[in-house]
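Single-structure report; data block below.
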Amino acid sequence: MTGPPPAVARVRVAVRRALSGLAAGDLVLVACSGGADSLALAGATAFVAPRLGLRAGGVTVDHGLQEGSAERAEDVAAVLRGLGLDPVERIAVAVGTEGGPEGAARTARYAALERAADTHRATVVLLGHTRDDQAETVLLRLARGSGARSLAGMAARSGRYLRPLLDLDRRTVHAAAALMDLRAWADPHNADPAYTRSRVRHDALPALERVLGPGIAEALARTAGLLRDDADALDAWAEEAEERARRGPAALDVAELAGLPRAVRSRVLRRAALAAGCPAGALTARHVFELDRLVTDWRGQAHVDLPGVRRGRRSDGRIVVSADEEGGP
Ligand SMILES: Nc1ncnc2c1ncn2[C@@H]1O[C@H](COP(=O)(O)OP(=O)(O)OP(=O)(O)O)[C@@H](O)[C@H]1O
């Protein structure tokens, strides 16, 4: 008896590994765009899930951004049903404008996936990101000047989302889709140079490979894994340090903070700002740097303005982040 071709076997093994901790009867939902990655994921999940006593369904989101997108989403849903996934849902969303076209589509997509997972009581939602997607993410963030947490890239598991294919290269995953006879739809956005990610995928990474040699994607993904460990350790340290430095609900002891390495101290200050109500999306490294100066470069500066109409100040040997009464609504 011959087994499946190696590419199909590798995708199935990856999915089996990701699903191995689930309980019999749990529902797994595959988020499928109709691209080769998530089709291969759907095909492998349809094969693996029943063998683990799990139920498997699928969701495809129609962003309504291109002509014929509704029909295309229906085609994807039909393929998922053909694989034996049940339930299968096609969800049409309205994409706003906030955060640029890619960001707005992502926000609408994840909201739809959340709703579908709640409606069907799915235990996990599977996403088809590969090692190459991880490398692109890391390179983009590196170019923006990010810290360890951000360079750690996407997690194999975050909340109810799993990324079973994160250690597999795109070529293998695409080969698996073709071998499973799953015909992918090539999203024109993926090749559109107007999109930053597309330029990273088609221009930047190939250029790096030409100059530095092959294996760049693998190396960037490895860096992400190493930095994830570092960031986890530093976050845990910061949590403990914050406990020790806390003096009252929104005050941190300057002497305790001053004794910490900057990597830990800046995390403690960031946590304090978030706890005081600064919106995570608006709180930048610059804000945290200015808060840090209240500790390490104190010259009697008045206060630091923070997003969410908050301010940080130093008084009585403490750093306090609180609502900005004067600038408040
Ligand atoms: N329209 C969609 N409906 C459902 N899930 C989606 C949709 N778009 C993306 N996803 C999920 O998010 C993952 C990452 O999507 P993204 O567009 O970043 O990558 P991609 O390289 O285009 O992936 P794919 O080849 O699977 O489309 C997909 O693999 C899929 O699991």
Side-chain angles (χ1 to χ4, degrees), residues 11 14-15 18 28-46 56-66 68-80 85 87-95 100-117 120 122 124-140 153-158 160-166 168-178 180 182-192 195-202 205 217:
V11 173
V15 171
V28 172
L29 275 186
V30 181
C32 187
S33 63
D37 302 333
S38 50
L39 277 174
L41 179 66
T45 305
V59 189
T60 188
V61 178
D62 169 17
H63 297 108
L65 295 174
Q66 285 143 353
S69 68
E71 291 76 18
R72 208 182 53 75
E74 193 42 53
D75 290 347
V76 176
V79 170
L80 298 180
L85 298 188
V88 168
E89 212 187 331
R90 169 174 69 90
I91 307 177
V93 295
V95 175
E102 284 165 281
R106 188 181 311 113
T107 303
R109 179 163 72 245
Y110 278 98
L113 294 176
E114 281 295 301
R115 280 199 303 279
H120 298 290
V124 291
V125 177
L126 306 187
L127 299 169
H129 294 105
T130 63
R131 189 171 70 192
D132 296 80
D133 295 312
Q134 181 75 303
E136 291 161 10
T137 300
V138 174
L139 192 57
L140 275 166
M154 298 176 280
R157 165 159 217 155
S158 77
R160 68 182 10 162
Y161 294 94
L162 301 186
R163 297 185 171 91
L165 310 184
L166 207 51
L168 294 181
D169 60 288
R170 185 177 289 142
R171 189 196 291 248
T172 299
V173 176
H174 282 202
M180 287 189 264
L182 297 169
R183 214 143 352 111
W185 172 75
D187 182 348
H189 287 164
N190 283 348
D192 185 344
Y195 288 85
T196 319
R197 184 173 285 270
S198 163
R199 293 197 301 276
V200 169
R201 181 174 300 182
H202 297 288
L205 273 168

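Model, not experiment: these values are computed from the prediction. Both counts, for ligands and for their atoms, begin at 1 and track the order of listing.
Distances shorter than 4.0 angstrom occur between a heavy atom of H63 and an atom of ligand 1. Ligand 1 has no atom lying under 4.0 Å from any heavy atom of E89.
The ligand atoms of ligand 1 that sit less than 4.0 angstrom from a heavy atom of T60 are 3 (N), 4 (C). Interface atoms of ligand 1 facing G35, defined by a heavy-atom separation under 4.0 Å, are 24 (P), 25 (O), 27 (O). Near V59, meaning under 4.0 Å from any of its heavy atoms, are these atoms of ligand 1: 4 (C).
At the shortest separation from atom 14 (C) of ligand 1 among protein heavy atoms lies H129 NE2, 3.1 Å. Scanning the protein heavy atoms around atom 24 (P) of ligand 1, the nearest turns out to be S33 OG, 3.4 Å. L127 CD2, 3.9 Å is the protein heavy atom nearest to atom 12 (O) of ligand 1. Taking atom 7 (C) of ligand 1 as the reference point, the nearest protein heavy-atom neighbour is R109 CD, 3.3 Å. Here the protein heavy atom with the shortest distance to atom 30 (C) of ligand 1 is A31 O, 3.2 Å. The single protein non-hydrogen atom nearest to atom 4 (C) of ligand 1 is C32 O, 3.3 Å, given as residue, atom name and distance. Protein heavy atom at the shortest distance from atom 1 (N) of ligand 1 is V61 O, 2.9 Å.
Scanning G128, A36, S69 for the heavy atom closest to atom 29 (O) of ligand 1 points to G128. For atom 20 (P) of ligand 1, the candidate residues are D37, L126, V30; the nearest heavy-atom contact is made by D37.
In the displayed structure, R171 atom CZ is contacted under 6.0 Å by at most 12 heavy atoms of other residues, nucleotides or ligands.
Distance remark: protein heavy atom present below 4.0 angstrom from atom 22 (O) of ligand 1. Less than 4.0 angstrom separates atom 16 (P) of ligand 1 from none of the non-hydrogen atoms of the protein.
When all heavy atoms are compared, the tightest approach of L39 to R183 is CD1-O, 3.4 Å. The two residues L41 and P164 make their nearest non-hydrogen contact at CD1-CG, 3.8 Å. Across all their heavy atoms, A36 and A184 have their closest contact at N-CB, 3.4 Å.
Within the 4.5 Å cutoff, no side-chain heavy atoms of V79 are placed close to those of W185. Proximity of R163 to Q134: side-chain heavy atoms (C-beta onward) are nowhere separated by under 4.5 Å.
A salt bridge links D133 to R201: one of the charged nitrogens lies within less than 4.0 Å of a carboxylate oxygen.
Heavy atoms of R201 found under 4.0 angstrom from ligand 1 belong exclusively to the side chain. Only side-chain heavy atoms of D133 come within less than 4.0 Å of ligand 1; its backbone N, CA, C and O stay farther off.
Separating the CG atom in L205 from the CD atom in E136 is a distance of 6.0 Å, to the nearest 0.5 Å.
Under the 3.5 Å distance criterion, with hydrogens and angles disregarded, a donor-acceptor pair is assigned to the side chains of S69 and D62.
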Quick one, V125 with L162, criterion side-chain contact (heavy atoms from CB on, under 4.5 Å). Give me CA distance, side-chain angles, the key distance, then yes/no. CA-CA 6 Å; V125 177; L162 301 186; over 6 Å; no
Dump the intermediate steps for side-chain contact (heavy atoms from CB on, under 4.5 Å) on L80 and V30, then the final yes or no. CA-CA 9 Å; L80 298 180; V30 181; 5.7 Å; no
Run the numbers on D37 and H174 for side-chain hydrogen bond (donor to acceptor under 3.5 Å, both in side chains), then give the verdict. CA-CA 6 Å; D37 302 333; H174 282 202; 3.0 Å; yes
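Here's the thing with S38: one of its N/O atoms is less than 3.5 angstrom from an N/O atom of ligand 1.
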